[in-house]
Number of protein chains: 4
Amino acid sequence: MGASKTPSDRSTPPQSPRKQERRNRDNSVMKEAIAIMAEKGYAATSIQEVADRVGVLKGSLYHYFNSKEELLFRILEESYLQMNAIEAEVDELELPPFDALLEQIRRSSVWFLQNQERAHIFFTETKHLTDDRLTQAREWGRAFERRLSSLIVAGQEAGSIRSDVDQRLLTRFTIGAINNIRFWPSRPGGKQFTVDDLTDGVVLLVGDALKS
Amino acid sequence: MGASKTPSDRSTPPQSPRKQERRNRDNSVMKEAIAIMAEKGYAATSIQEVADRVGVLKGSLYHYFNSKEELLFRILEESYLQMNAIEAEVDELELPPFDALLEQIRRSSVWFLQNQERAHIFFTETKHLTDDRLTQAREWGRAFERRLSSLIVAGQEAGSIRSDVDQRLLTRFTIGAINNIRFWPSRPGGKQFTVDDLTDGVVLLVGDALKS
Amino acid sequence: MGASKTPSDRSTPPQSPRKQERRNRDNSVMKEAIAIMAEKGYAATSIQEVADRVGVLKGSLYHYFNSKEELLFRILEESYLQMNAIEAEVDELELPPFDALLEQIRRSSVWFLQNQERAHIFFTETKHLTDDRLTQAREWGRAFERRLSSLIVAGQEAGSIRSDVDQRLLTRFTIGAINNIRFWPSRPGGKQFTVDDLTDGVVLLVGDALKS
Amino acid sequence: MGASKTPSDRSTPPQSPRKQERRNRDNSVMKEAIAIMAEKGYAATSIQEVADRVGVLKGSLYHYFNSKEELLFRILEESYLQMNAIEAEVDELELPPFDALLEQIRRSSVWFLQNQERAHIFFTETKHLTDDRLTQAREWGRAFERRLSSLIVAGQEAGSIRSDVDQRLLTRFTIGAINNIRFWPSRPGGKQFTVDDLTDGVVLLVGDALKS
DNA sequence: GATGAATGAGAATTCATTCAT
DNA sequence: GATGAATGAATTCTCATTCAT
């Protein structure tokens with residue numbers, strides 16, 4: 001009956017020196033869910049599939065989250081927290097606006113490149129949340145935008161950023177450039193670029209586009 | 001229009017002075033499908049919902065397409081054909097590379113802004129195709145990239161486009177900027193930008209970023 | 001795979017004498033659902049089971065209702081409407097209060113005995129409704145109670161019904177007697193009582209209990 | 001109230017000062033299970049919910065019972081034992097049949113009113129038992145009926161209870177009246193009745209209905 | 001072309017129960 | 001006794017698709 005299961009099959013270790021093997025599924029659940037959702041999108045991702053990859057029955061996954069939507073929310077939240085931490089780091093550098101903006105672009109880009117799947121989900125799947133979760137996640141996005149916007153406005157006031165283009169357009173242009181960097185490494189074949197190659201690229205290009 | 005279900009349908013015109021109704025239905029199917037898929041994504045869009053909006057029963061939709069995937073493919077194909085037509089128009093102008101690139105950006109942006117939903121689906125839902133349809137749609141995207149790439153390379157050779165950044169990065173940067181313009185008008189409140197405002201913006205910014 | 005559809009396949013049945021066999025499932029669905037829910041209770045009744053008895057796949061049942069709860073509501077609603085019609089009939093007789101009450105008891109009892117399953121569900125499963133449906137169903141019950149109550153009060157005022165017991169107790173006692181009649185025929189073995197035997201019984205007993 | 005509960009069951013506690021904690025948990029399990037099952041019904045009651053209210057994890061509950069069905073059985077059994085004790089008390093009074101019957105009604109009613117939830121479960125959820133447990137619980141119900149029946153028959157023979165109605169109908173009428181008293185206090189608003197008000201009511205009404 | 005009942009597969013979720021720790 | 005992860009089966013509901021009429 002059942003499909004093997006026999007988790008107690010061990011027989012080798014007599015006492016029990018490692019009491020793991022249980023808990024860390026939580027990480028595994030997040031990891032697999034992120035991988036599948038990034039590839040197929042939230043709606044096309046089935047709990048079954050996540051369970052298969054984690055190696056548990058689908059019902060068991062509900063020990064780790066209460067609903068598929070909550071799982072998505074957690075993924076989004078983690079991403080937000082990490083991106084938020086990056087903002088805080090840049091703040092501490094107390095750079096002048098334009099430099100802060102470029103530093104923010106650089107660090108965000110690095111994070112996006114190192115967390116392509118998370119980043120993709122963040123920009124793509126928020127719409128599947130509902131109610132409070134949707135409200136909150138949208139607020140995260142807005143906060144990110146507000147922040148870039150205020151750096152840009154400050155740069156314009158300081159004269160380091162061009163003023164012949166409306167700050168809202170500059171902001172969206174910049175956000176777009178950052179968001180899109182997650183697609184840059186995609187096409188394999190041909191020599192790969194390093195993360196630094198890519199980030200240097202965006203920073204340079206966006207910098208030249210925005211400077212006054 | 002709204003509800004009702006075409007009450008004028010039966011009995012009156014014997015021959016066929018209204019071949020248009022058929023056409024209209026067909027257009028209506030595409031239109032509603034685009035609206036819903038842009039909003040919710042392909043996977044979360046149900047045929048039922050499209051049928052409701054069109055005002056037909058679910059089963060009847062299969063007179064207009066053979067499968068949901070084919071419907072998606074048709075949407076994508078239409079978009080591709082229109083974007084392709086734009087490329088052809090730009091070609092006919094026989095401009096020097098950099099100018100051709102900027103003109104291409106401008107016209108693509110206009111199209112993206114006027115067809116936000118289509119554009120969104122194009123960049124977002126291709127992954128849900130399978131087999132031949134997937135292969136073909138991917139090829140469309142690659143062709144678009146190749147074309148921009150060749151303009152950029154030509155511009156670099158002509159000295160009008162910067163050469164201190166790898167052409168592949170310049171290409172992706174440019175594509176990203178175009179793709180992202182579909183999000184620019186989003187936030188309502190505050191004065192709206194016209195399509196021209198926005199296109200002038202991208203062209204200016206990308207131009208300044210790429211010029212040598 | 002794709003294509004096909006073969007719309008010209010028809011050819012076999014020329015006229016088609018019997019066009020039934022399809023629609024009347026609706027009655028069948030209600031009937032089987034009532035039987036099972038009366039026996040096991042709403043919560044322990046599975047859609048699967050209903051489908052099995054109706055002879056369709058479970059998914060197909062959703063052509064007949066939108067949710068299990070709606071199915072329950074429909075059963076309850078039908079019962080309510082029938083019981084309501086009985087009240088109206090009694091009203092038309094324009095009897096003095098006590099006689100009206102007894103007539104109401106008699107006719108309700110007949111209905112309860114002839115619709116034991118429905119009646120049982122009505123008194124037992126309302127609690128599984130939610131929101132608006134719950135509110136409405138509760139209101140039905142309250143209306144039934146209010147009506148009996150007003151007949152009893154009128155009887156008290158007319159002197160035909162005892163006044164040494166609070167009318168609310170008389171009302172509940174009467175409702176209880178009616179509700180419980182659905183259990184009277186239960187135990188088989190021994191000679192069965194006819195519906196008339198049983199109704200004569202309740203009317204007589206409740207009448208003697210209430211008369212002044 | 002209370003009564004029995006068989007506190008002397010297990011081997012007289014040896015030492016252990018806070019053996020009560022255990023007892024309390026056990027009581028708490030019964031108490032919460034009764035509350036939830038009375039409200040939602042057995043089938044709609046989840047072990048999870050009981051555990052939540054008790055303040056233990058789901059799995060831990062299985063120290064207190066072997067299965068959900070056994071839990072139900074225990075609830076039913078407790079009720080039966082208490083009702084049985086009431087019968088015994090009435091027996092000891094050695095009253096003439098009709099008086100014994102009324103006394104039985106009175107005391108049963110008091111118990112039902114003071115144990116509404118238990119009583120409700122008793123009359124409502126027995127059907128969810130299976131096999132031996134079902135057989136036994138049904139026997140309890142039948143014994144209760146048999147007893148009332150024999151009092152009624154004796155009353156008829158003694159001439160104190162009416163003989164113009166078949167004793168089986170009188171029995172069911174009486175049982176119904178007792179069973180239903182658990183619903184009498186329901187509707188709040190307006191002045192509440194005391195337990196005595198209510199019991200006096202049933203006894204009076206049933207008495208008048210049955211007397212010869 | 002349109003209808004609408006039916007299919008069959010699969011979705012998310014719940015749940016009683018077990019068991020090693 | 002208690003924990004909590006896991007099971008395995010079942011449950012409600014959804015959906016793309018078919019097809020006789």
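Heavy atoms only: backbone and side chains are in, while hydrogens, waters and symmetry mates are out. Proteins get letters first, then strands, A, B, ... in listed order; numbering begins at 1 in each.
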d([atom1], [X]; [atom2], [N]) in whole Å:
{"X": "B:Asn66", "N": "F:dT17", "atom1": "CG", "atom2": "C1'", "answer": "11 Å"}
{"X": "D:Asp52", "N": "F:dA2", "atom1": "CG", "atom2": "P", "answer": "16 Å"}
{"X": "C:Lys68", "N": "E:dT14", "atom1": "NZ", "atom2": "C1'", "answer": "12 Å"}
{"X": "D:Phe65", "N": "E:dC15", "atom1": "CZ", "atom2": "C1'", "answer": "13 Å"}
{"X": "D:Leu61", "N": "F:dG4", "atom1": "CG", "atom2": "P", "answer": "14 Å"}
{"X": "C:His63", "N": "F:dC15", "atom1": "NE2", "atom2": "P", "answer": "13 Å"}
{"X": "A:Leu71", "N": "E:dA11", "atom1": "CG", "atom2": "P", "answer": "16 Å"}
{"X": "A:Tyr64", "N": "E:dT14", "atom1": "OH", "atom2": "P", "answer": "17 Å"}

Practice problem: Return the 5'-most residue of the pair C:Ser60, D:Ser60 with respect to DNA chain F, ranking by each residue's nearest nucleotide. | Solution: D:Ser60

Quiz item: Mapping D:Leu57 and C:Glu69 to their closest nucleotides on DNA chain F, which lands nearer the 5' end?
Solution: D:Leu57

Quiz prompt | With D:Lys40 via side-chain contact (heavy atoms from CB on, under 4.5 Å) - residues at least two apart | solution = D:Ile36, D:Ala44, D:Thr45, D:Glu49

Exercise. Please list, chain by chain and in numerical order, all residues satisfying side-chain contact (heavy atoms from CB on, under 4.5 Å) with A:Ser79, sequence neighbours excluded.
Key: A:Trp111, A:Arg118, A:Phe122

Self-check item: Contact nearer the 5' end of DNA chain E, comparing C:Val56 with A:Lys58
Solution: C:Val56

Quiz prompt | Along DNA chain E (nearest heavy atom to each residue), the more 5'-positioned of A:Gln48 and C:Gly55 | solution = C:Gly55

Practice problem: Check whether any side-chain heavy atom of C:Phe65 lies under 4.5 Å from a side-chain heavy atom of C:Ile47, and answer yes or no. | Solution: yes

Quiz item: Taking only Watson-Crick and G-U wobble pairs with both distances under 3.5 Å, what dot-bracket line describes DNA chain E, where [ ] shows pairs that cross earlier ones and | shows pairs with another strand?
Solution: .||||||||||||||||||||

Quiz prompt | OP1 or OP2 of F:dA2 under 4.0 Å from side-chain N/O of D:Tyr62 | solution = no

Quiz item: Are A:Arg25 and F:dG4 close enough that a side-chain N or O sits under 4.0 Å from OP1 or OP2?
Solution: no

Practice problem: Could you pull out all residues at least two apart from D:Asn66 that satisfy side-chain hydrogen bond (donor to acceptor under 3.5 Å, both in side chains)? | Solution: D:Glu70

Quiz item: Residues in side-chain hydrogen bond (donor to acceptor under 3.5 Å, both in side chains) with C:Thr130, at least two apart?
Solution: C:Glu69

Practice problem: List for me each residue that meets ring-ring contact (aromatic ring centres under 6.0 Å, His included) alongside B:Tyr42, sequence neighbours excluded, and say none if there are none. | Solution: B:His128

Exercise. Scan D:Val56, D:Ile34, D:Leu61 and name whichever one has a side chain to side chain contact (heavy atoms under 4.5 Å, CB included) with D:Val29.
Key: D:Leu61

Exercise. Could you note down all residue pairs passing salt bridge (charged side-chain N to carboxylate O under 4.0 Å, His left out) where residues 50-67 of chain C supplies at least one of them, sequence neighbours left out?
Key: C:Glu32-C:Arg53

Self-check item: salt bridge (Lys or Arg N to Asp or Glu O under 4.0 Å) involving C:Arg138 - partner list, sequence neighbours excluded
Solution: none

Quiz item: To the side chain of B:Ser67, which of E:dA11, F:dT17, F:dA5 is closest?
Solution: F:dT17

Quiz item: Should we count NZ of C:Lys127 as having more than 12 external heavy atoms under 6.0 Å?
Solution: yes

Practice problem: Identify, residue by residue, the members of residues 33-47 of chain C with a heavy atom below 4.0 Å from DNA chain F, and return them in order of residue number, or none. | Solution: C:Thr45, C:Ser46, C:Ile47

